[in-house]
Each structure stands twice: as structure tokens, then as C-alpha cells.
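Just so it is clear: chains get the letters A, B, ... in the order the sequence lines come, proteins before strands, and each one is counted from 1.
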Amino acid sequence: MAKKHEFGLLIDYEYCTGCHTCQVACAQEHDWPAGMGGIRVSEIIQKLPKGKYYLTYLPFPTELCVLCKPLTKQGLEPACVKHCMAGCMQYGPVEELAKEMTKKARTVLYVPR
Amino acid sequence: MNNQGSHIVKTTTWSPGPGCHGGCGVLAHIKDGKLVKIEGDPDHPMNQGRLCARALAMTQYVDHPDRLRYPIKRTGKRGENKWQRITWAEAFDWIEEKMNKIREEHGPESMVFNVGTGRDIYAWVCMLAYAYGSPNVMFGLSGQACYGPRLSAVCTVQGDFAVFDAAQWFPDRFKDPRYTPPECMIIWGYNIHATCPDNQFGHWIVDLMKKGTTIICIDPRLSWFASRSKHHLRLRPGTDSALVMGFLNVIINQDLHDKRFLERWTNGAHLIREDTSKLLREDDLTDTGSHGNFAAWDAENARPVIWASADAAYRDNQASPALSGQWDVLLASGDTVRCHTAWDEFCREVNTYPLERVEAITGVSAKEIRAAAELYAKSKPASIHWGVAVDMTPALTPLVTGITALWALTGNLDIPGGNVFAKFAFDVVSYALPGTTGPIGLKSKEMDKPRIGADRFMPLNKFYWRCQTDVTLDQIFTEKPYPIKGMWIQTAGIMQGLGMDPKRWKKALEKLDFVVAVDLFHTPTTQYADVVLPAGSFLEKDSLRSWWVPLQTINKAMTVDECLPDMEINFELAKRFDPDYKYETLYDLYDDILKPSGMTFKELQEKGWAYPPEGSSSCPYRRHEKGLLRSDKKPGFRTQTGLFELYSTLRDEWDLEPIPHHEEPPFTPVSRPDLAKDYPLILSTGRRSPAFFHSEHRNIPWLREIDPDPLVEIHPGTAASHGIGNGEWLWIENWMGRARYKAKLTPVVPEWMIMASHGWWFPEKEAAEPSLYGVWESNINQLIPMNHHGKDGQGAPIKHSMCKIYKCSPEEVNHG
């Protein structure tokens with residue numbers, strides 16, 4: 001039977017400000033040395049009509065993301081979600097998060113490795 | 001991470017560690033005396049479990065291999081990085097001896113006490129300086145151009161400072177029934193989420209946006225907030241004051257202002273003499289009249305009526321003073337003088353800024369200005385939050401008082417969701433910000449007399465208890481009117497951070513007989529000290545915090561080798577320098593500071609934090625109406641007149657312009673077209689990174705990896721025309737000097753401006769000179785002069801200078 005990927009991260013990228021809290025929260029929780037970590041934040045600058053630009057910061061769970069299993073097993077949130085300054089990250093069952101997505105544009109759902 | 005066997009200490013961030021202005025609740029997990037984990041305290045109303053990258057990196061910070069762990073004394077020349085370990089007793093004895101010698105030979109004012117920004121340190125540096133007898137506490141920026149000037153300017157016209165309202169006054173925050181979120185918010189010159197927002201919490205604005213608050217962003221740079229804003233007014237740096245005049249022009253001429261507030265709470269009706277352009281005062285009208293009282297015109301009875309400042313009321317309470325008009329007034333001298341109202345004068349100045357003129361000055365289209373001003377004025381409530389950009393210009397007072405007038409005239413002062421008075425919780429003052437005083441003070445007014453610059457710069461004299469930085473630097477060289485012989489530098493980086501023209505600061509330090517540095521790590525500045533004392537991080541101290549609300553304690557969670565918290569170091573020396581020092585222990589002093597709250601330090605520590613109850617002066621709203629601002633409990637403001645002063649009575653007395661206006665800064669393409677030929681780009685500095693607090697954190701691996709190099713933002717078009725590619729190294733140069741930066745090509749900056757980060761030095765590089773941690777390589781302050789502060793001694797041109805850029809040669813890149 002194929003392994004079921006039950007849990008994921010929902011990111012509301014309308015509100016991510018690029019503060020890198022998630023990145024350092026992850027490094028601390030898992031004791032990653034600099035250069036490694038379970039989440040990375042990218043900057044995307046999109047040109048829009050009339051000389052405008054839209055600035056997006058997008059957290060991305062890497063190959064090292066284990067969704068903070070030791071914490072979530074205890075019913076706690078992953079370190080990145082707990083500390084997110086913008087409150088733009090959610091952890092939960094993929095199906096529930098997918099439902100959440102239908103209520104809010106500019107969201108992305110990740111099911112990490 | 002295995003946290004078995006650890007215990008948790010609940011505490012509050014402030015300064016060493018995250019470096020910031022603090023206030024967030026954290027849980028420190030301690031095991032065997034070491035920090036094994038830190039997390040946000042979910043119960044704390046300020047951050048509600050959230051925590052920034054800098055605080056989360058504390059596990060790499062507290063036990064960093066480069067931490068200073070015991071006192072050291074210099075054995076080589078300054079800058080040679082040769083040190084010898086000494087004991088605390090030896091350090092204290094030696095400092096006492098050297099500083100006593102300076103005091104005996106030259107007077108206590110010959111020691112200057114330098115302090116970094118917004119830290120849990122001002123109170124304790126003042127404690128030491130004042131016990132020693134020196135009034136010269138110095139914040140190192142030219143024109144003290146961060147926060148303090150803004151506070152002084154606001155106090156000048158409004159009596160008390162005000163900040164945007166995010167329900168931070170209430171323990172259950174946004175759920176409190178008294179609160180309403182703003183419909184619209186102006187973010188003025190502030191990349192707030194990446195900064196330490198003056199003890200607010202930048203992401204509160206994100207919380208408000210989720211509740212529907214519309215953003216107006218005033219910034220030459222496209223910040224994240226600007227990209228989410230309804231209006232982004234991309235002004236030329238240094239023209240904010242013209243823009244605010246444009247806003248006022250729209251609001252007044254479209255009749256969008258709050259007439260009730262204007263009539264009842266401002267000095268708009270007070271009369272100005274047309275012969276002297278000064279306020280008409282009671283002593284002009286009668287020989288026995290008070291100079292502190294003013295006059296308005298009672299149109300119904302065709303006579304002047306007296307505003308009695310001490311009563312914060314007209315002497316004849318039946319009077320109906322006219323807001324507009326011109327009258328001939330009979331003076332005590334028998335002469336008649338033509339007078340008009342302050343409101344007419346205010347409107348006259350505002351009307352010299354039609355939007356076409358404002359567009360020409362700022363580069364923002366008249367249409368955009370009008371739309372933004374209308375949105376702000378029609379939104380009820382609306383608030384404004386401003387960043388250091390408003391301080392970093394010489395004419396900051398005319399700008400700041402303009403913005404203050406905006407929130408007052410739109411009826412947004414001290415209302416839910418507006419700009420509300422920021423008062424120390426329970427009136428507990430440890431850190432005496434401009435306009436306040438607390439238990440820590442000089443023993444006599446006489447001792448304050450030699451304070452550098454306080455005799456000629458009235459905001460420093462009246463509100464802001466610092467010496468004037470530019471004059472202090474000059475005085476180190478001139479020794480006039482008295483010599484400066486020593487400097488106490490506490491968690492401050494005059495060479496790598498706060499100092500403009502930093503090589504001149506280096507020369508100044510070279511000239512001094514005695515320099516003490518207190519810090520957590522060696523820096524270029526500590527290399528110039530004679531003795532360096534190891535300070536503790538916020539996790540290593542017991543302290544308190546009343547910077548606005550709530551009142552809270554900082555609780556010692558651990559110790560690191562011989563490091564001592566700043567206040568313990570200073571307290572020990574304060575007692576040595578003042579044999580009559582009135583406190584036995586630091587905790588006696590804390591209890592005394594906390595007295596207005598009715599709690600002792602221990603009692604507060606047990607609670608963790610406390611919120612002032614309804615009816616206290618540190619609990620909103622509409623405190624000017626309720627008599628909660630003034631010591632006499634009368635309704636009104638804590639100004640000379642008791643009114644919100646559209647026309648500043650203090651600046652009238654100081655012979656400075658009493659009304660907001662625009663002054664072109666000293667180094668812009670407009671004021672210096674001659675320089676613009678060689679230096680065609682506008683240089684703005686202070687690009688914030690969420691990973692760093694100013695010059696700190698370059699040595700913390702998790703943070704440094706976020707921003708490894710000194711970056712300058714350049715528009716791709718500008719970079720292309722200079723042959724510079726993304727990630728390439730370049731020189732930024734002007735008539736002062738040059739600095740090497742790495743190009744970040746991005747359209748967030750306009751083509752005509754570059755934005756350089758500040759505070760760069762390289763802890764990984766050689767400490768000894770000539771390297772001095774590479775401090776001269778990428779220090780943008782080398783391009784910014786001292787001595788261009790504003791007329792009132794405040795503000796400096798730090799965010800708008802001029803430069804050219806060119807690519808580094810291959811050898812220069814390898815060298816770096």
C-alpha cells in the first residue's frame with residue numbers, strides 16, 4: 001500500500017512579508033547548521049500593468065522538512081507555523097487545508113517529502 | 001531537540017540578543033545553565049507566540065565562541081587587538097581611578113557617555129553618568145537623528161507622543177470592545193516589518209490589513225507594504241515635508257478637517273501680530289499681563305480675550321473667539337497693531353503648496369496626492385505610522401509637526417484606531433524619553449548646564465536630555481569651551497554603526513585619554529577602548545520595561561561566564577562615583593522606579609506584565625477631554641497653552657518657524673545641481689534586513705546566511721547603464737569617500753536612486769588594524785558628513801545624499 005501523505009502546510013502568500021522567521025525557527029528546532037534547513041523563503045517581483053509591481057515572499061519547504069513530527073505528535077504546531085510573524089502559515093490535514101484554500105486567494109498548499 | 005530536564009523561564013526581550021527595542025514575550029528553555037531553545041510566549045499579548053528571526057537565533061548568540069566572557073584591558077596600541085584578562089575588581093578599580101582623575105582635573109562633564117539605539121540601557125547609562133556628575137549622555141547619530149527628535153517635535157506641539165493604535169493597551173487586544181481598527185493607515189517612510197518598529201510590533205499592521213485596513217505607503221522604495229497599498233506615493237527622498245503640506249492643502253481646502261477639534265482643542269484662534277510676526281501675548285496688551293498668556297479676538301464683542309495658559313481656558317468663558325479674520329488691536333504701549341489668527345497663518349502657509357508645486361518638488365503626481373489625502377481624511381478612523389526617515393532630514397521638526405497636524409486636524413487623535421497618546425505604563429519612567437523625567441536624574445539643574453548644545457538647541461534644552469552629537473564631536477577636537485577627556489561607550493558602535501564620517505570618530509577616540517567599552521562581542525569600536533567589559537544578553541538580566549504598555553519585567557534566565565548585565569555594571573560604578581548614592585541595591589532602585597504602579601519589582605515579576613486600568617493616563621482614549629494628560633488634571637494637552645498648537649508657541653519663542661513647511665535638504669539634485677553633475681544618483685541609506693539589528697548579528701550564522709553581503713539595491717536599468725550585473729561588486733562614491741557593495745538588481749528602487757544597507761563590518765576578518773574587521777570596506781557612513789543637522793540641532797541628511805557608482809576591478813573583488 002502506498003504511503004499516505006496526510007499532512008501539509010498552507011501558505012497565504014498575500015501576507016508573507018519575507019521576515020525569515022520560519023527559516024530560523026526551523027534551524028533552531030532541528031539544530032540545522034547555517035546553509036541547511038527545512039524551509040526557505042524566495043522573493044518574487046512581478047511587473048504589473050501601469051508600472052506597478054507585486055512583491056511576493058514565498059516560503060518553500062525543502063527536502064529537509066519533516067513537518068516537525070516530534071512537535072506535531074504532541075499536538076503542537078511546527079516551529080515555522082508557530083512563530084510566523086505574519087500568521088500566514090497553517091499546518092493540518094491536507095484535505096482540511098484544501099478546503100481552507102477555497103476561501104482565500106493567493107494561497108499555496110505544500111505536502112512536503 | 002531533546003529538552004528533557006530543562007526548565008522554562010518566561011521573560012521579555014529587550015536589547016542584547018535580538019538587539020531590538022523589545023517587548024515580546026518569550027519562553028527560554030534552560031538546561032544545565034545553558035539555553036537549549038527559545039520560543040515565543042503564546043500567552044503574551046504583544047506577540048502572541050510569534051517571534052522574529054533575531055530572537056529565535058539566541059541559541060547561537062548566547063554561547064557564541066566570540067562572546068566577551070571576562071573584563072579585558074588593552075596592552076598594545078589602540079586598534080592592535082592586544083588584550084590582557086583582568087578581574088572585575090581590577091576593572092572597576094581602574095575605571096574608578098581613571099574617571100575620578102578626569103573628574104578632578106577637568107570636571108565631570110569631560111566624560112561623555114555614548115549609548116546605542118533604543119536599548120534597555122539609556123536609563124542605566126544615565127544612572128552612571130548622573131552619579132558621576134556628567135550631563136553628557138550622547139546618542140551617536142548626527143543630529144541624534146532617530147526617534148528622539150521626532151518625540152521632541154511632537155511634544156513641542158502636542159505635549160505627549162502618539163502612536164498608531166493596534167489595541168496594544170489592552171490585554172485581550174483586538175477583542176477589547178473599546179477598540180476599532182483603522183479603515184486606512186499611512187505607513188510613512190518605514191519598511192516596518194523588517195525593522196524594529198520603536199517597540200511596536202511591525203506585523204500588527206499585517207493583522208490590521210487582515211481586518212480590512214487599507215494602506216497608503218509613502219516611500220521612494222517599493223516596500224512589501226507599498227506593494228500591498230492602495231496608494232504608493234513614491235516621493236523623492238527628503239521631500240516628505242512638501243508632501244505633508246500637499247496633504248494639508250487638500251484636507252483644508254476640501255473642508256475635510258474636523259472643525260470641532262480645530263475650535264476647541266487648537267490654538268488656531270490665537271492672534272499673531274503683523275508687525276513682528278510673533279504671537280500676541282497678554283503682556284503686549286496690559287502692563288501686568290503674563291507673557292505666557294495669549295489672546296484671541298472675540299468677534300461678537302469686538303475685543304481681545306485672554307487665553308490663560310495655566311487654566312488651559314479663556315479667561316472669559318463666554319467668549320466666542322474667531323478662527324479667521326484681521327483686526328486692529330490696542331497695545332499697552334498705546335500703539336495699535338494689526339493682527340490675524342494663527343489658523344489664517346497656518347492656512348496661508350498651506351496654500352503656498354498647491355498640488356502642482358508639491359508634484360514638482362516631490363515627483364508624486366498631484367492626482368495621486370489628492371486621492372491619497374482624500375482617502376486618509378475620509379476614513380474614520382485612520383492612523384499614521386512613521387519611520388526613521390522622518391528624523392533623518394535636517395528640517396525634521398517642520399515635517400513632524402506637519403504630520404502631527406494631519407492626525408489632529410482629521411480628528412484622529414486619541415480615538416480608537418487613530419493615533420493615540422503613548423504614555424509610559426502606570427507613569428513608570430525608567431527610560432526618560434524626550435518630554436519625560438523619572439527618578440534617575442542629575443542632582444541639580446546646575447549640573448546640567450554644561451550639557452553640550454543644550455544652551456543653543458532648545459529642543460535639547462526643553463525635552464531631550466542628550467548632548468548634541470555633532471557639536472560634541474567638534475568639541476573633542478577644539479576643546480572649547482571645555483575639553484572632553486574620556487568616553488564611556490556602552491553597546492554602541494560609533495565606528496561601525498551610528499557614526500557618520502566614521503574616520504573622524506576614530507580620530508576623536510584616538511585623542512581621548514580614556515575609553516571604556518561595554519559590549520557582548522568585540523567590534524571595531526571596542527578595539528579603540530582601554531578596557532572592555534563583557535555585558536550580558538537580555539536572558540542574563542533582571543530588568544523592567546515601561547516603554548508604553550504593558551508594564552513588564554525582564555527575568556534572568558541564565559548567566560554566561562563572568563558576563564554581567566549592563567545595569568549591574570553601571571550600578572556598581574554609580575555607587576563608587578557617588579558615595580551618597582541613595583540606593584543600596586539595584587532592586588531598591590527598581591522598586592523606586594516602579595512606585596507609581598503600586599507594585600514592587602518582585603510583585604511585578606510574579607505577574608509578568610500589567611496593563612493600566614481605565615481612567616489612568618496610560619490607558620486610552622480621549623484623554624485630553626478627560627483631563628488625564630496634565631498634572632493639574634484639567635482637560636487639555638501637556639503643552640505651554642494646554643492646546644494642540646498648530647502654531648507652536650515654543651518655536652515662536654525660539655525664533656524658529658512655528659508652522660510646518662518644506663526646506664530642501666542640503667545634498668539633493670535640487671539644492672546642489674553643481675554636485676549632481678558628478679554624482680547623479682540619489683544615495684539613500686539604511687536598507688533594513690530582518691536578519692540584523694543595525695551593525696549587529698553579522699557573526700550569527702543563521703542570520704548571516706539570510707543576508708551574507710553588504711547589499712545595495714539598484715534599478716536594473718541603472719545597473720545596465722553602468723555595466724553592472726546582479727551580484728557584482730561596485731563602488732559607491734561621493735565627495736566624502738567610497739564604500740564597496742554588492743549589487744542587488746531590483747525594481748523596488750527607482751532608476752534615480754540607490755538604497756544601501758548600513759552597519760556593515762566583518763567580524764570574520766582580521767581584528768587588528770589596518771583591517772579593523774574590514775570596517776572601512778563597506779561602511780556607507782563614510783559618504784555622509786557630520787554637521788548638517790537642523791536649525792534646532794536635530795535631524796541630519798542621512799537618507800538623502802548623492803553619489804556615483806562604478807564596478808570594482810577584479811583585484812578589488814578578490815580583496816574582499
Side-chain angles (χ1 to χ4, degrees), chain A residues 12-48 50-59 66 68-71 74 76-89 103-104 106, chain B residues 1-3 24 26 29 35-40 42 47-60 191-195 201-207 209-210 222-229 232 234 689-691 700-708 716 744-748 750:
Chain A
D12 182 343
Y13 61 82
E14 181 177 357
Y15 291 114
C16 174
T17 63
C19 73
H20 292 266
T21 272
C22 52
Q23 193 175 316
V24 180
C26 176
Q28 185 198 210
E29 188 63 36
H30 301 281
D31 210 10
W32 291 116
M36 292 172 78
I39 196 152
R40 283 288 180 267
V41 182
S42 314
E43 183 185 76
I44 299 147
I45 303 176
Q46 178 58 54
K47 190 170 186 175
L48 305 174
K50 297 180 189 165
K52 290 196 180 299
Y53 287 87
Y54 197 79
L55 195 51
T56 304
Y57 291 101
L58 189 61
V66 292
C68 281
K69 216 165 263 170
L71 291 175
Q74 301 172 54
L76 301 170
E77 288 182 317
C80 58
V81 174
K82 175 190 155 61
H83 288 106
C84 175
M85 298 277 276
C88 68
M89 305 176 79
K103 299 180 210 157
K104 175 73 181 67
R106 300 192 180 98
Chain B
M1 183 183 288
N2 178 12
N3 290 323
C24 290
V26 294
H29 298 242
L35 177 72
V36 290
K37 180 174 174 172
I38 189 164
E39 54 184 341
N47 54 316
Q48 296 149 322
R50 298 177 270 188
L51 205 59
C52 73
R54 287 172 285 113
L56 284 164
M58 280 304 288
T59 42
Q60 281 193 337
N191 190 23
I192 184 167
H193 64 284
T195 74
F201 189 85
H203 285 77
W204 287 343
I205 304 177
V206 178
D207 300 346
M209 287 162 72
K210 290 180 185 173
L222 180 91
S223 65
W224 179 84
F225 280 105
S227 103
R228 299 292 183 279
S229 64
H232 175 203
R234 196 167 218 182
S689 161
I700 307 299
W702 288 333
L703 298 175
R704 183 72 179 271
E705 75 162 309
I706 294 169
D707 249 328
K744 179 178 176 175
L745 271 48
T746 170
V748 304

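- Contact between Gln28(A) and Trp702(B) at its shortest, heavy atoms only, is CA-CH2, 3.5 Å.
- Between Met85(A) and Phe201(B), some side-chain heavy-atom pair lies under the 4.5 Å cut-off.
- Proximity to chain B involves both the backbone and the side chain of Cys19(A), based on heavy atoms less than 4.5 angstrom apart.
- Neither the backbone nor the side chain of Leu48(A) comes within less than 4.5 Å of any heavy atom in chain B.
- The closest side-chain heavy-atom distance from Arg228(B) to Glu14(A) is below 4.5 Å.
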Could you go through Thr21(A) and Arg50(B), starting from their C-alpha distance and side-chain angles, then the distance that decides it, and tell me whether this counts as side-chain contact (heavy atoms from CB on, under 4.5 Å)? CA-CA 9 Å; Thr21(A) 272; Arg50(B) 298 177 270 188; over 6 Å; no
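- Expressed to the nearest 0.5 Å, how far OH of Tyr15(A) lies from NE2 of His203(B) amounts to 12.5 Å.
- In terms of heavy atoms, Gly18(A) sits closest to Pro690(B) at O-CG, 3.7 Å.
- The backbone N or O of Glu39(B) sits nowhere less than 3.5 Å from a side-chain atom of His83(A) that would complete a donor-acceptor pair.
- The two residues Ala25(A) and Leu56(B) come nearest to each other via the heavy atoms CB-CD1, 3.7 Å.
- Neither the backbone nor the side chain of Arg704(B) comes within contact range of chain A; no heavy atom of the residue lies under 4.5 Å from a heavy atom of that chain.
- Between His20(A) and Ser689(B), every side-chain heavy-atom pair lies at or beyond the 4.5 Å cut-off.
- With Thr17(A) as the fixed residue, the side chain to side chain contact (heavy atoms under 4.5 Å, CB included) test singles out one of Val206(B), Ile205(B), Ile192(B): Val206(B).
- Leu222(B) and Leu55(A) get closest at one heavy-atom pair: O-CD2, 3.7 Å.
- Counting heavy-atom neighbours within 6.0 Å of Lys52(A) NZ, excluding the residue itself, gives a total of 12 or less.
- Using a 4.5 Å cut-off between heavy atoms, Leu703(B) contacts chain A through its side chain alone, with no backbone atom that close.
- Contact annotation for Gln48(B): neither backbone nor side-chain heavy atoms come within less than 4.5 Å of a heavy atom of chain A.
- In this structure, chain B has no heavy atom under 4.5 Å from any part of Cys22(A).
- Using a 4.5 Å cut-off between heavy atoms, Met58(B) does not touch chain A at all.
- Of the possible donor and acceptor atoms, one in the side chain of Lys210(B) sits under 3.5 Å from a partner among the backbone N and O of Ala86(A).
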